[in-house]
Amino acid sequence: QQQVKQSPQSLIVQKGGISIINCAYENTAFDYFPWYQQFPGKGPALLIAIRPDVSEKKEGRFTISFNKSAKQFSLHIMDSQPGDSATYFCAASMLTGNNRKLIWGLGTSLAVNP
Amino acid sequence: KAGVTQTPRYLIKTRGQQVTLSCSPISGHRSVSWYQQTPGQGLQFLFEYFSETQRNKGNFPGRFSGRQFSNSRSEMNVSTLELGDSALYLCASKTGSEETQYFGPGTRLLVL
C-alpha cells in the first residue's frame, strides 16, 4: 500500500530524444510527488515536484504528468542531453500524524547518448 | 548557505567492527534523515531526527542507530558490521515542515 513502483530500471536515449520515466502508487493519502536527480558521486537533488490537484507541471525541459485516477505520474525530459545522464528517483509523500513520510521508487538510470 | 556535509566521504571497515558517520545539516534545518543506498535497492530510509528526537524509523535492525545533537548535527552508528552493510549512506536535511530534502554527498562504506 505504501510502495512506489518505478519503471524502467534503466533507459538509453539518443541526444534530442524524449526520456520518459513512470511511477505508480497505491495509497491515495499521498499528496506530494517529487522527482529527484542524482549524479554519480553526489546526493540526490530535487528536480521538480507536483501536487495531485494539477495534472501537469513543466519546468524547462522537464515535465511531470499526473494521472490521479490511475494513480500514476511520470517524468518527461524533452530534448534530452548527455548532461541529463543521471539516476532519477520518484517519490510520494504523505502526512502521518505530525510527520511527513516519503516513499521512494527504486530509481531509473538514464543514459543519453551524444 | 553551505550545503549538507558528511564525513568521512569514504570508509573501509572489516566485518564485526563498528562505524560512526557524521552529518552537518544546512544551517537552520532541524530535521535530519539518513538513507542507505545500494544498487538495485534505491534509497532505503533508516531514520529521521528532529530537534534531537527520533520521529521516524525505517525497517533496519537495531545495529543501526543514530542521534542528533542540540546544534542539529547528527551521527549514525552501525555496530557489528556485516558485508551487506557496504553501501552509500546519505544524509538529508530540511527545516522540519517543508517537503524538500537537501542531500549531502554521502559516505561510501565498504565492509571487507
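To find a chain, count down the sequence lines: A is the first, B the second, and so on, and within it residues start at 1. In this text the structure is predicted, and so the values were computed from the model without any measurement.
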Hydrophobic cluster identity match, [X] and [Y], side-chain contacts under 4.5 Å:
X: A/L11; Y: A/W35; value: yes
X: A/I103; Y: A/F66; value: yes
X: B/V19; Y: B/V111; value: yes
X: B/Y49; Y: A/L102; value: no
X: A/I21; Y: A/Y25; value: yes

Those residues of residues 53-65 of chain B that come under 4.5 Å of chain A on a heavy-atom basis, listed by number, are B/R55, B/N56

Report, by ascending residue number, the residues of residues 81-91 of chain B in heavy-atom contact with chain A at a distance under 4.5 Å; give 'none' if the set is empty.
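Near chain A, by residue number: B/L88, B/L90.
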
**Asked** Does the pair A/W104 and B/F45 meet the rule for a ring pair (Phe, Tyr, Trp, His ring centres under 6.0 Å), with working shown?
**Response** CA-CA 9 Å; A/W104 295 82; B/F45 173 72; 9.9 Å; no

Turns out that what part of A/Q38 lies under 4.5 Å from chain B's heavy atoms comes down to side chain

Applied to residues 3-91 of chain A, the disulfide (SG to SG under 2.5 Å) test, sequence neighbours excluded, yields A/C23-A/C90

Picking from [options], which has the most non-hydrogen pairs under 4.5 angstrom with chain A?
options: B/S33, B/G106, B/P105; value: B/P105
options: B/R9, B/R108, B/Q37, B/Q44; value: B/Q37
options: B/Q101, B/Q6, B/Q41; value: B/Q101

From [atom1] ([X]) to [atom2] ([Y]), nearest 0.5 Å:
X: B/E99; Y: A/L95; atom1: CD; atom2: CG; result: 9.0 Å
X: A/Y36; Y: B/T100; atom1: OH; atom2: OG1; result: 5.0 Å
X: B/L43; Y: A/T87; atom1: CG; atom2: OG1; result: 9.5 Å

Under 4.5 Å to a heavy atom of chain A? For B/F50 that would be neither

query: Do any of residues 40-60 of chain A come closer than 4.5 Å to chain B, heavy atom to heavy atom, and if so which ones, in number order?
result: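 Within residues 40-60 of chain A, the residues that come under 4.5 Å of chain B (heavy atoms only) are A/G41, A/K42, A/G43, A/P44, A/L46, A/R51.
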
